[in-house]
Amino acid sequence: KVAFTGSINESESAWKKNIERLHVYCSWRDDAPHAEAEGEDFERLWEGKHPRAWTLAFPEALQQRILELRADEVSEYDPLERAAVEQRLIAEEREKWLIQFIRDAPLLENGHLLVEEFAAIKPMPHQREVYRRVCEDYPRLWHMLADEVGLKLSTVTAIRRRLQSGGYFTTVRVPMMQHLGFELMTVGFTGFRRSAGGKDTLREALDKLSMYDNIFLAFASTEQGIFFSTSENYSSVRRDMDELEHFFAEHRVLDDAGWSHALFPYQLTNLVNFFDYSAVLRKRFGLPAPKMRKLELGFKEPEQVQLSRKEKRVLLGLCENPDQPDNAIAKDIGVSRQTVSIMKKRFQNMGVMRTLRIPDLDKLGHEIVVMSRCQLNPSVPQATRLQGLKYLLRRTPTFFLAVAANELLGLCTHRDFEEYNKSWNDFMSFFEEHELTMGVPHSRLLSTADMTCLRSHDYCPLLRRIWDL
């Protein structure tokens, strides 16, 4: 229970000249007796039982007359104070624009120069720790991150700005499609012929790949290509795969292995790692691994979330502008900042949206990205399969891992071929020893120096088409 006593005259002269007092009493604090006494006094007044006051019913006719005289819009200030208030509002608006510019300046062209002026730091071990935590953690308050790594908030903020403006990582917001009515995720991969009609033909083939709006991630080198897509049903997947295979075959750009793809129904797939780079960064910086979270091999049907048209617009705005503040997104969409902030928090709590930090692997000194796929032995006990997954996660710098009933597909990265070769041999030895696989696991290697990202976690064109926005 909360009780108030006193009054406040909401005008500029009252705040500056008068002595205004408002007392607040709460039932859960030491002033609980005051809160109880004020409550009892109010009840006596309201019920007409106070010995020193009369309580009268307000005539309905007067109520109606007052309502007729009310203004169409409520003024935010006293009309006599208009000039002073308008000057103050102009000053406040100018200050907002100035602060917004200072905030956005590091993201503009040559903005890293401004960041370096403010930061004046050189890369040190604690900065690498901040870098890792920025990319690892789910969106959280920066003061919490500063407490955990033992640095000042200003230091963490300066490091984050410098790393971001230098292109060491990018921020993306991902709508979790399994909760929005989508049934399948597809991973496609192929090799390209060295004599595929020249760079123009290969470029045309890659452009064809990026035309499909259900492809949310695609990257390729001159020899390999990998893409990720999501679909509402199997029919649409089959149609797109057949069309792409026909196009690539017609232009003779594929190697002898041809075009392959793996289907992962969300309902029957465990996304153990969905582009979480924390293991990569820990290994790269020589940091200790945390206690491994509990792994479950069972499948759980994704809960479907129904969104209103406004919620869809806000979700798209958040995903299309991951680096923009809520007020800028609200202005673009045509809603209030509070609406954007409330919906963003709700989307995250519901699991409908996730924020990812994607590091630049080339700048980290990683030369190779590896896609691995293997068929799992269905006769192996679940406990042994779980042991194999834990081994894989502990020993391999993985940033994507999907496990279906009898199939496993993952992405990892290595600093050089020697590191990859050792990791691959260890993986093969362990899985063969425990008879976890059927046949020979398949892998494709891409050079980060030669790799082009055709689409990076871009889900919005597909959602705009499906939602008719």
Side-chain angles (χ1 to χ4, degrees), residues 1-93 95-96 99 138-148 153 303 305-308 310-311 314 325-327 329-330 334-352:
K1 180 186 294 185
V2 180
F4 302 85
T5 181
S7 65
I8 290 182
N9 184 1
E10 292 283 357
S11 67
E12 186 173 15
S13 59
W15 284 110
K16 290 184 175 180
K17 301 175 182 178
N18 297 353
I19 299 177
E20 305 286 341
R21 289 197 177 109
L22 182 68
H23 299 280
V24 181
Y25 308 110
C26 303
S27 61
W28 59 88
R29 300 191 313 208
D30 295 339
D31 52 0
H34 293 285
E36 189 66 28
E38 292 294 336
E40 293 174 356
D41 196 51
F42 177 82
E43 289 294 336
R44 286 195 297 271
L45 280 169
W46 186 259
E47 297 173 1
K49 298 177 180 179
H50 200 285
R52 297 189 302 275
W54 287 352
T55 302
L56 303 175
F58 197 72
E60 184 176 350
L62 288 179
Q63 294 182 40
Q64 294 300 324
R65 181 55 180 163
I66 290 175
L67 291 175
E68 292 172 3
L69 295 174
R70 71 173 183 241
D72 293 333
E73 295 182 358
V74 179
S75 176
E76 296 182 358
Y77 47 83
D78 191 315
L80 298 178
E81 300 169 336
R82 180 181 298 274
V85 170
E86 287 182 349
Q87 289 297 322
R88 187 176 70 249
L89 291 177
I90 292 173
E92 290 177 354
E93 190 67 22
E95 185 178 5
K96 288 179 182 177
I99 293 173
Y138 192 77
R140 52 196 301 174
L141 297 176
W142 291 109
H143 69 264
M144 295 173 62
L145 177 56
D147 289 342
E148 291 191 18
L153 176 60
E303 181 180 353
V305 177
Q306 300 298 323
L307 301 179
S308 67
K310 179 187 287 188
E311 289 173 326
V314 172
D326 291 352
N327 59 344
I329 296 173
V335 299
S336 69
R337 181 191 61 80
Q338 291 86 351
T339 298
V340 173
S341 300
I342 291 171
M343 287 188 181
K344 178 174 69 174
K345 185 175 181 180
R346 186 162 74 245
F347 292 152
Q348 292 170 348
N349 292 338
M350 295 166 60
V352 173

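- With rounding to the nearest 0.5 angstrom, the CD atom of Glu40 is 9.0 Å from the CD atom of Glu43.
- The environment of CD in Glu303 is sparse: at most 12 heavy-atom neighbours from other residues, nucleotides or ligands sit within 6.0 Å.
- When every heavy atom of Asp31 is checked against every heavy atom of Cys26, the shortest pair comes out as OD1-O, 3.0 Å.
- With salt bridges taken as basic N to acidic carboxylate O contacts below 4.0 Å, one links Lys1 and Glu36.
- Enclosure of atom CZ in Arg65 is not indicated, since only 12 or fewer non-hydrogen atoms of other residues, nucleotides or ligands lie within 6.0 angstrom.
- Applying the 6.0 Å contact sphere to CD of Gln63 captures more than 12 heavy atoms from other residues, nucleotides or ligands.
- Between Lys310 and Thr339, some side-chain heavy-atom pair lies under the 4.5 Å cut-off.
- Other residues, nucleotides and ligands place no more than 12 heavy atoms under 6.0 Å from the CD atom of Gln306.
- Atom CD1 of Ile329 is separated from atom CZ of Arg337 by 12.0 Å, given to the nearest 0.5 angstrom.
- Among all heavy-atom pairs drawn from Phe347 and Leu307, the shortest one is CE2-CD2, 4.1 Å.
- Note that NZ of Lys49 is 13.5 Å distant from CG of Asp41, once rounded to the nearest 0.5 Å.
- Contact between Phe58 and Ile66 at its shortest, heavy atoms only, is CZ-CD1, 3.9 Å.
- Note that the CE atom of Met350 and the CE atom of Met343 stand 11.0 Å from one another [nearest 0.5 Å].
- Considering all non-hydrogen atoms of both residues, Val335 and Val314 come closest at CG2-CG2, 4.4 Å.
- Between Thr55 and Trp46 the shortest heavy-atom distance is CG2-O, 3.8 Å.
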- Mind running side-chain contact (heavy atoms from CB on, under 4.5 Å) on Arg346 and Glu311 for me, showing each step along the way? CA-CA 10 Å; Arg346 186 162 74 245; Glu311 289 173 326; 2.7 Å; yes
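- Within the model, atoms CG of Asp326 and NZ of Lys345 stand 12.5 Å from one another, a figure rounded to the nearest 0.5 Å.
- Of all the heavy atoms in Ala32 and Ser27, the pair that sits closest is CB-O, 3.3 Å.
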